[in-house]
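Below you'll find the structure, written out as structure tokens, and then a few comments.
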Amino acid sequence: MAFISIFLDALPTTVCRKIVVMLCSLMMSLYFLYYLTDLCHTMSSPVRSSEEESNLAGDFGEWQALRRKRLLQKLQMQGYLNGELPEKYFRELRLQLQPANVKQQERIGRSLAANPPSTLSFSEDGVRKLPQAIIIGVKKGGTRALLEFVRVHPDIRAVGEEPHFFDRHYDKGLRWYRNLMPKTLDGQVTMEKTPSYFVTKESAARIYAMSKDAKLILVVRDPVTRAISDYTQALSKKPNIPSFESLVFKNRTSGLIDTSWNAIQIGIYAKHLENWLLYFPMGQILFVSGERLINDPARELGKVQDFLGLKRIITDKHFYFNKTKGFLCLKKPEGSSKPHCLGKTKGRTHPNIDPEVIRRLRDFYRPFNMKFYQMTGQNFGWDN
């Protein structure tokens with residue numbers, strides 16, 4: 001200190017002042033630089049100028065994907081290469097992806113609500129995504145057969161059980177729903193099937209809210225045969241239910257059909273389709289014939305594969321006729337000891353129904369069928 005004091009005393013006053021000013025400026029610059037560095041490390045979202053704010057939601061999606069990738073690499077370096085990652089790391093991920101301020105949070109929130117991120121968990125064998133394709137109906141139309149057949153395709157991953165998310169469990173949220181999905185790789189399609197969606201009015205709007213680009217598959221069948229099959233299933237569970245004939249009519253003498261009975265209501269396809277067309281264009285709905293799915297499954301599956309934008313892999317060579325079942329079954333898959341047919345609950349023998357009741361039902365459904373043919377541009381041949 002004494003040396004510095006002697007040195008400063010030897011210098012002119014103006015030079016001393018300049019040295020002091022320079023030292024102060026240097027200290028302020030270092031402090032400001034330190035502050036900016038600390039700020040950059042603690043920021044949780046990318047910085048955008050006012051001119052770029054309108055593109056913030058789109059840029060955020062790219063930035064978010066990059067941050068996910070970096071975090072995954074970090075976790076892999078820490079040794080979490082196999083199995084599910086601990087929840088604390090997902091909390092870290094969510095914290096890192098939080099927007100910087102309220103205005104950005106609201107803007108990005110609206111974007112993500114319209115197009116929610118599909119990735120739920122990270123793993124070497126893929127990620128869980130919300131479904132890109134959904135088999136929405138109809139009950140007893142052949143939806144289980146279609147699902148089992150399409151799962152042969154290597155680029156389709158589907159849930160085995162019916163999630164019933166959009167009609168029964170919607171309050172559990174998309175995170176719960178997404179966690180039900182199988183893990184998929186890039187290029188694979190995630191699919192689920194719940195036949196009751198088609199006749200549940202709220203389902204169309206809810207699926208649209210999840211993804212306006214969702215591809216919908218509807219398996220339809222002769223509504224009279226479908227109603228009898230529906231009744232046969234109910235009879236197998238409750239043998240003491242009233243006869244089919246007594247349930248069909250409000251009054252047998254007048255011949256007035258009871259449209260409040262669910263087995264009858266489901267078959268009015270045109271009425272239900274009108275609700276779906278309020279949200280989805282016809283080009284996003286594929287109509288599969290339940291009858292052709294039984295008699296010529298390869299043809300219908302060819303349409304499904306084209307609709308999903310997949311290579312036609314499932315062909316005639318994958319099927320054989322099972323005499324016991326009375327319909328086509330999948331040939332023996334690799335690693336399986338026997339061919340795969342649908343379970344014993346499929347292909348039940350229908351009870352004998354009064355031909356007059358069947359005739360009246362066909363008369364009842366005919367105008368609805370004609371309207372359905374006109375709406376879809378396809379004649380399914382139920383009234384020939």
What's the spacing between M181 CE and R128 CZ if we round to 0.5 Å?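 M181 atom CE to R128 atom CZ measures 10.0 Å (nearest 0.5 Å).
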
Nearest 0.5 Å, please: how far is CD1 in I156 from CD1 in I313?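 Going from the CD1 atom of I313 to the CD1 atom of I156 covers 9.0 Å.
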
Can you give me the closest heavy-atom contact between I358 and V224, atom names plus distance?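 Shortest heavy-atom contact: CG2-CG1, 4.1 Å.
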
Which pair of non-hydrogen atoms, one from R312 and one from D306, has the smallest distance, and what is that distance?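 Of all heavy-atom pairs spanning R312 and D306, the closest is NH2-OD2, 2.6 Å.
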
Is the CG atom of N251 crowded by more than 12 outside heavy atoms at less than 6.0 Å?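 Check passes, neighbour count above 12.
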
Residues, nucleotides or ligands: over 12 heavy atoms within 6.0 Å of Q378 CD: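 Count over threshold, so yes.
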
With ring pair (Phe, Tyr, Trp, His ring centres under 6.0 Å) as the rule and sequence neighbours excluded, what pairs involving residues 236-258 come up?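 Sorted result for residues 236-258: Y231-F244, F244-W261.
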
Applying salt bridge (Lys or Arg N to Asp or Glu O under 4.0 Å) as the test, list every pair that has at least one member in residues 269-280; sequence neighbours left out.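 Salt bridge (Lys or Arg N to Asp or Glu O under 4.0 Å) check on residues 269-280 returns E274-K371.
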
With no hydrogens and no angle check, do the side chains of E192 and Y177 hold a donor and an acceptor under 3.5 Å apart?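 Indeed, the side chains of E192 and Y177 share at least one donor-acceptor pair under 3.5 Å.
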
Pair D213-S211, side-chain donor/acceptor within less than 3.5 Å: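 S211 and D213 do not have a side-chain donor-acceptor pair below 3.5 Å.
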
For Q305 and L301, indicate whether the former's side chain and the latter's backbone hold a donor-acceptor pair under 3.5 Å.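 Side chain of Q305 to backbone of L301, a donor-acceptor pair under 3.5 Å: yes, one is there.
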
Would a distance-only check, ignoring hydrogens and angles, find a side-chain to backbone donor-acceptor pair under 3.5 Å from E245 to D354?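 Judged by distance alone, yes, a pair lies under 3.5 Å.
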
Testing E148, K193, E162 one by one against T143 for a side-chain hydrogen bond (donor to acceptor under 3.5 Å, both in side chains), which residue passes?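 Exactly one pass, corresponding to K193.
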
Taking only Lys NZ, Arg NE, NH1 and NH2, and the carboxylate oxygens of Asp or Glu, determine whether R362 and D222 approach each other closer than 4.0 Å.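 Yes, this pair counts.
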
Between D363 and R366, is there a salt bridge with N-O shorter than 4.0 Å?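 Salt bridge present between R366 and D363.
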
Derivation of the side-chain contact (heavy atoms from CB on, under 4.5 Å) call for V138 and L218: CA-CA 6 Å; V138 297; L218 181 66; 3.7 Å; yes

Near-ring test Y269/F368, centroid separation under 6.0 angstrom: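 For F368 and Y269, the ring centres are not under 6.0 Å apart.
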
F287 ring center near F380 ring center (under 6.0 Å):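 Ring centres of F380 and F287 not closer than 6.0 Å.
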
